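In listed order, ligands and their atoms are each counted from 1. Just so we're clear, the structure is a prediction, and the values are computed from it rather than from any experiment.
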Amino acid sequence: PFLQAVLDDPDFTAGRITTSFIETHPELLTARAPGDRGTKLLTYLADVTVNQPHGPAPVVLDPASKLPPLDLDVPAPDGTRQQLLAQGPEAFAAALRAQDRVAVTDTTFRDAHQSLLATRVRTRDLLAAAGHVARTTPELWSVEAWGGATYDVALRFLAEDPWERLAAMRQAVPNICLQMLLRGRNTVGYTPYPTEVTDAFVQEAADTGIDVFRIFDALNDVEQMRPAIEAVRATGTTVAEVALCYTGDLSDPGERLYTLDYYLGLAERIVEAGAHVLAIKDMAGLLRAPAARRLVTALRSEFDLPVHLHTHDTAGGQLATLTAAIESGVDAVDAASAALAGTTSQPPLSALVSATDHAERETGLSLAAVNALEPYWEAVRRVYAPFESGLPSPTGRVYRHEIPGGQLSNLRQQAIALGLGEKFEQIEDTYAAANDILGNVVKVTPSSKVVGDLALHLVAVGADPAEFEAEPQRFDVPDSVVGFLNGELGDPPGGWPEPFRSRALEGRTWKRPAEELTDEQAAGLGLRGEAASPATRRRTLNELLFPGPTKDYRASCEAYGDVSVLPTLEYLYGLRQGEEHEVELEPGVRLLLGVQAVGEPDERGYRTVMCTLNGQLRPISVRDRS
Ligand code: BTN
Ligand code: 3PY
Ligand code: ZN
């Protein structure tokens, strides 16, 4: 019908067709497209309703009903973003170092759900609270809302374009710095990319809304971070926060590798490489209070940079660590809304605010404002129940196995998928053994994946770690481990484990990751020939970083249209029979969608789902895969 309308249009028939044809005939789109969009969305919803990919809905409550009333037409007050724009990154960092209050980063929008809910929280559920955060906690130093695993998961599982999330968050939070996690040369992926990719990625992220880049390398190799640091500095307007990844226990007299001297030496190279802010990234939650005191004190006395502490509360003791760090002068700390805090996530924001209120270094955040958003995030968490990590409580075992927060939850799910769910303690022990075999490495994405892959593999084939270490030639070795031992991720701080490494690599081939872009990729990034549009640059980055998931994302858009407009209950669990569900396609364009009845499967396994679209019956045929 749309094509027919175009063909029938007098301008078209008369040949008066230009690129602006659609722009001058908007009625064609608004009049016809919602029907088409509606049918596509119904096709998706009918499929989910029949196949229940995540089981039945755990709740029926719409989380948005838990948001406190607030006038979103009132502009958000100025915050750190305006300060950064006015002062530039150097002076902005110096002001952080000079202030008495402890600055706070809210990680609810990224690391918290990455660590508790497999990164599954969708853009619309983040956006629903973003305007509240901007207006009720404008004293935050930053909101961490992008990077890490969110990019991959958006394309792979959520049928969302990660760039659209960032742009929307920027609009919703115009006043607080937006922060992302950048994996050095691996950007938001798992293997290193050419420097041009880092440059293009950083520039695009800065243009789209990132103010603070937290840059780390999985082996604390500064050379692997240097291109990213330089790319951030080259923007001229954004902050390079460079992390030392913390592992081991620097207070332990038996610690030979990850000592205070090791961290100070690393920090010196980070400062020399051009960092604006120094971060301590304690991804597994191993930084104990006494060690935090020594590390923060030493870093602040040796260097002029502000120090920002990030930790995970896996063992349950990290509010003590934050308090010790604050008393030792740490300039900023990370926390998450209590409903998405604790265990593998960050310590709770409300506990942090209450622990520092009415004291010398109080955060300036309102405890009431922070508390007011907890019911919302709690309701969101219930909606995403199937993605819960399954870690019911804190665990002190992390001090032994050192599995990062984000991985601990994932590894449990991977173990269950491999039929090893009942052997999780053995996987933890084997992870520790795999770490020793690989040379006691820093474990954080992607090195943590290498150690995890080896551990799962050894348990799955029933191999004894000691035998594997002695004679790795006799065993299969996961690809990621072969890549790691070939130096794909850089050089580990403790050097290479020999003779294990040579033996393990004997006779095994490995394909070095591409060091050059193809002509097509370079053109897509605007590096050769004509400048590329933002849409082309973003599409090229998506394809370059995640070719498979990007293809799936496109296929989903083709088949179902933009499913990001669907409320999460419907998106994950389908339609409740007999109820009409309202979906807003865009401001002012609403659809009423429903399922009346689901038929019996035919001989090919297809069911007819009797749907309604704005009250009209629409039968949709769905293959029953359940
Ligand atoms: C998620 O995993 O987070 C969402 C999964 C949604 C799966 C749906 S079911 C309809 C459509 N057809 C598929 O094969 N997958 C999607
Ligand atoms: C990531 O790389 O996604 C992390 O969160 C590492 O801690
Ligand atoms: Zn983290």
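- Which parts of ligand 2 touch F216 is read off a 4.0 Å heavy-atom cut-off, strictly below it: atoms 2 (O).
- Closest heavy-atom approach to atom 7 (O) of ligand 2 within the set Q407, H310, K281: this belongs to K281.
- Taking OG1 of T137 as the reference point, atom CG of D106 lies at 6.5 Å (rounded to 0.5 Å).
- Of the charged side-chain nitrogens involved, at least one lies within less than 4.0 Å of a carboxylate oxygen, so that E543 and R554 count as a salt-bridged pair.
- When L182, L181, V188 are ranked by how near their heavy atoms come to atom 1 (C) of ligand 2, first place goes to L181.
- Ranking protein heavy atoms by distance to atom 2 (O) of ligand 2, first place goes to R183 NE, 2.8 Å.
- Ligand 2 lies less than 4.0 angstrom from a heavy atom belonging to A149.
- Listed by number with element, the atoms of ligand 2 under 4.0 Å from a non-hydrogen atom of G148 are 3 (O).
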Original post:
Going through the checks in order, is the ring-ring contact (aromatic ring centres under 6.0 Å, His included) test met by W510 and F484?
Top reply: CA-CA 10 Å; W510 163 72; F484 168 78; over 10 Å; no
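- The cationic atom of R97 (NZ for Lys, CZ for Arg) does not lie both less than 6.0 Å from the six-membered ring centre of F303 and within 45° of the ring axis.
- Nearest approach of A240 to I215, heavy atoms of both residues: CB-CD1, 4.4 Å.
- The Zn ion (ligand 3) sits nearest to atom OD2 when only the N, O or S atoms of D111 are considered.
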